[in-house]
Amino acid sequence: MRTTVGIIGGGPAGLLLARLLHRAGMDCVVLESRERRYVEARQRAGILEQGTVDVLRKCGAGARMDREGLLHRGIELRFEGRAHRIDFPALTDGRSVMVYAQTEVVKDLVALQLADGPPLLFGAEVLAVEDPDSATPTIRFRHEGREGREGREQTLSCDFVAGCDGFHGVARRAIPAERTAVFERDYPYSWLGVLADVPPSCEELIYARHRRGFALHSMRSPQVSRLYLQVPAGTDPADWSDERIWDELSARFAVDGDWALERGPITAKSVTPMRSYVQEPMRHGRLFLAGDAAHIVPPTGAKGLNLAVTDVVTLARALTLHHETGSTELLDSYSETCLRRVWQAERFSAFMTDTLHPHPDRTPFEERLQLAQLERIAASPAASAELAENYVGLPLS
Ligand code: RFL
Ligand code: PHB
């Protein structure tokens with residue numbers, strides 16, 4: 001098999017890249033290790049920046065998002081029993097965000113690709129990327145046979161390889177260690193996330209800092225709530241009964257006044273570790289990394305999916321310019337262009353995380369600093385605007 005761009009991974013990064021390249025008249029193949037059902041059910045992000053919304057609309061994947069997505073013009077910060085609203089349009093140049101689940105974005109992109117797009121192989125596990133710094137890198141993969149028969153090993157030779165295979169993928173490993181630098185930070189806590197069949201108790205997302213721990217109230221639809229609780233790293237979700245989860249959420253969201261958290265049946269429960277990670281550079285020869293394959297942010301800033309989108313927009317533009325004119329200018333600047341934005345998202349995500357999560361080993365001094373930071377945001381339009389500008393997304397450079 002041969003193609004122009006071999007794309008490893010059928011998550012949001014890989015699927016959107018395939019869509020953008022297809023529309024620019026370039027051929028590509030997407031290899032995804034999991035089955036379609038699994039990829040479409042994986043519970044993850046929920047917030048799309050306006051830039052992400054614009055890209056999805058422009059590539060023809062925005063129709064259902066525009067029907068079912070919820071436009072959000074602000075978020076609420078809660079701390080010390082008080083609520084403070086961050087008004088996005090007023091604090092930015094009229095920008096806002098969309099609540100539309102990553103699972104739905106993935107379903108929309110898969111449907112488009114299967115209808116009229118380039119090949120998308122599910123059950124195709126990439127084993128290695130070979131000769132990434134040669135003129136024709138190859139991807140070695142195993143494609144599941146029908147009825148669970150042992151898959152055959154195959155190769156896909158490419159002009160370019162896009163590593164969109166997430167944090168646990170193989171693309172990153174094809175870059176020699178001596179050519180890369182890794183920057184990382186682990187956090188001593190995780191998020192316990194639940195989906196519940198109950199209408200959200202709020203119109204906008206609530207980010208709550210409580211001395212018992214952080215809590216986030218998000219949503220998936222007018223009937224389905226998505227909620228998160230800070231828990232110690234290594235927590236087993238089985239240790240959290242539904243009742244314990246609701247009690248803890250109610251305690252952390254408590255606010256002066258008569259607000260109450262509605263309860264309902266919990267339909268999914270999982271624990272997500274918190275991590276900051278960047279591998280530089282994002283290119284080695286003809287291999288380009290995009291999305292979680294190159295960087296991870298803790299979810300507090302809602303940036304991971306949006307970064308994956310800006311990476312592949314930048315990559316599609318560079319590959320298209322090369323295809324049309326032979327110029328390598330944008331390919332050569334790809335890593336640097338992406339990393340500028342990545343580091344802004346890393347900074348903002350670490351800031352949101354540090355500001356809203358009580359650290360288990362905090363001193364009373366650090367606790368006071370955290371509250372002073374939140375007071376500052378609540379009191380100062382300049383401090384609120386800094387948060388709002390980053391949350392709705394910095395302009396694409
Ligand atoms: P993905 O989504 O991990 O997709 C990678 C794909 O590659 C496949 N794969 C392979 N395929 C072939 N061969 C191999 N050897 C392979 N190895 C892996 C995988 O099966 C998978 O299909 O990465 P991508 O496309 O870069 O997308 C990144 C986003 O998924 C991620 O950044 C976000 O989900 C992060 N995130 C959030 N981002 C936001 O922008 N806003 C949010 O509100 C937000 N909330 C979140 C989040 C992530 C969370 N978790 C679970 C980590 C909330 C949570 C709880
Ligand atoms: C979500 O809806 O899953 C979500 C929203 C905001 C975040 C993280 C996750 O910061």
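Read the numbers this way: they start at 1 and go in the same order the structure lists the ligands and their atoms. Keep in mind that this is a model prediction, so the values were computed, not measured. Heavy atoms only: backbone and side chains are in, while hydrogens, waters and symmetry mates are out.
- Heavy-atom separations between R220 and ligand 2 include at least one value shorter than 4.0 Å.
- For the pair R368 and F365, the cation-pi test (distance below 6.0 Å, angle within 45°) is failed.
- At a cut-off of 3.5 Å, with distance as the only test, no side-chain donor of R376 or Q373 sits close to an acceptor on the other residue.
- Close approach of ligand 2 to G46 (heavy-atom distance below 4.0 Å) involves ligand atoms 1 (C), 2 (O), 3 (O).
- Of the protein's non-hydrogen atoms, Y207 OH, 3.3 Å is the one closest to atom 6 (C) of ligand 2.
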Report all side-chain donor-acceptor pairs from residues 298-305 shorter than 3.5 Å, counting only partners two or more places apart or in another chain.
unit_1, atom_1, unit_2, atom_2, d
T300, OG1, T353, OG1, 2.8
K303, NZ, E49, OE2, 2.8
K303, NZ, N390, O, 3.0
K303, NZ, Y391, O, 2.9

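- When hydrogens are left out, the protein atom nearest atom 2 (O) of ligand 2 is S218 OG, 2.6 Å; that is the closest non-hydrogen contact.
- Atom numbering of ligand 2 starts at 1 in the shown order; those under 4.0 Å from a heavy atom of L205 are 5 (C), 6 (C).
- Contact atoms of ligand 2 toward I47: 5 (C), 6 (C) (distance under 4.0 Å to a heavy atom of the residue).
- Shortest contact from atom 4 (C) of ligand 2 to any protein heavy atom: Y228 CE1, 3.9 Å.
- Under a 4.0 Å heavy-atom criterion, V99 is not in contact with ligand 2.
- When ring centroids are compared, F160 and H322 come within the 6.0 Å threshold.
- Checked for salt-bridge contact, R19 and D116 meet the test: a charged N lies under 4.0 Å from a carboxylate O.
- Interface of R44 with ligand 2, defined as ligand atoms under 4.0 Å from a residue heavy atom, comprises 3 (O).
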In sequence, state the C-alpha distance, the side-chain angles, and the governing distance for V194 and Y228, and then conclude on side-chain contact (heavy atoms from CB on, under 4.5 Å).
CA-CA 6 Å; V194 301; Y228 297 98; over 6 Å; no
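- Of the protein's non-hydrogen atoms, the one nearest atom 8 (C) of ligand 2 is P299 O, 3.4 Å.
- Residues Y187 and R185 have side chains that bring a donor and an acceptor to within less than 3.5 angstrom of each other.
- In this structure, F348 has its ring center at least 6.0 angstrom away from the ring center of W343.
- Screening residues 127-138 for side-chain hydrogen bond (donor to acceptor under 3.5 Å, both in side chains), with sequence neighbours left out, gives E130-R140.
- Remark: R209 is not positioned above the aromatic ring of F79, lacking an NZ or CZ atom under 6.0 angstrom from the ring centre and at most 45 degrees off the axis.
- Scanning for side chain to side chain contact (heavy atoms under 4.5 Å, CB included) contacts around V170 gives V126, D165, R173, with sequence neighbours left out.
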Could you give the N/O to N/O pairs under 3.5 Å linking ligand 1 and the protein, each with its distance?
unit_1, atom_1, unit_2, atom_2, d
ligand 1, 2 (O), R44, NH1, 3.1
ligand 1, 3 (O), R44, NH1, 3.0
ligand 1, 11 (N), S33, N, 3.1
ligand 1, 11 (N), S33, OG, 3.4
ligand 1, 13 (N), V126, N, 2.9
ligand 1, 15 (N), V126, O, 3.1
ligand 1, 20 (O), E32, OE2, 2.7
ligand 1, 20 (O), R42, NH1, 3.4
ligand 1, 22 (O), E32, OE1, 2.6
ligand 1, 22 (O), E32, OE2, 3.2
ligand 1, 22 (O), R42, NH2, 2.7
ligand 1, 25 (O), P12, N, 3.3
ligand 1, 25 (O), A13, N, 2.9
ligand 1, 26 (O), D292, N, 2.9
ligand 1, 30 (O), R44, NH1, 3.0
ligand 1, 30 (O), Q102, NE2, 2.7
ligand 1, 32 (O), D292, OD1, 2.7
ligand 1, 32 (O), D292, OD2, 3.3
ligand 1, 32 (O), G304, O, 3.4
ligand 1, 32 (O), L305, N, 3.4
ligand 1, 34 (O), Q102, OE1, 2.7
ligand 1, 38 (N), G304, N, 3.2
ligand 1, 38 (N), L305, N, 2.9
ligand 1, 40 (O), A302, O, 3.1
ligand 1, 40 (O), G304, N, 3.2
ligand 1, 40 (O), L305, N, 2.7
ligand 1, 40 (O), N306, N, 3.2
ligand 1, 40 (O), N306, ND2, 3.2
ligand 1, 41 (N), A302, O, 3.3
ligand 1, 43 (O), G46, N, 3.2

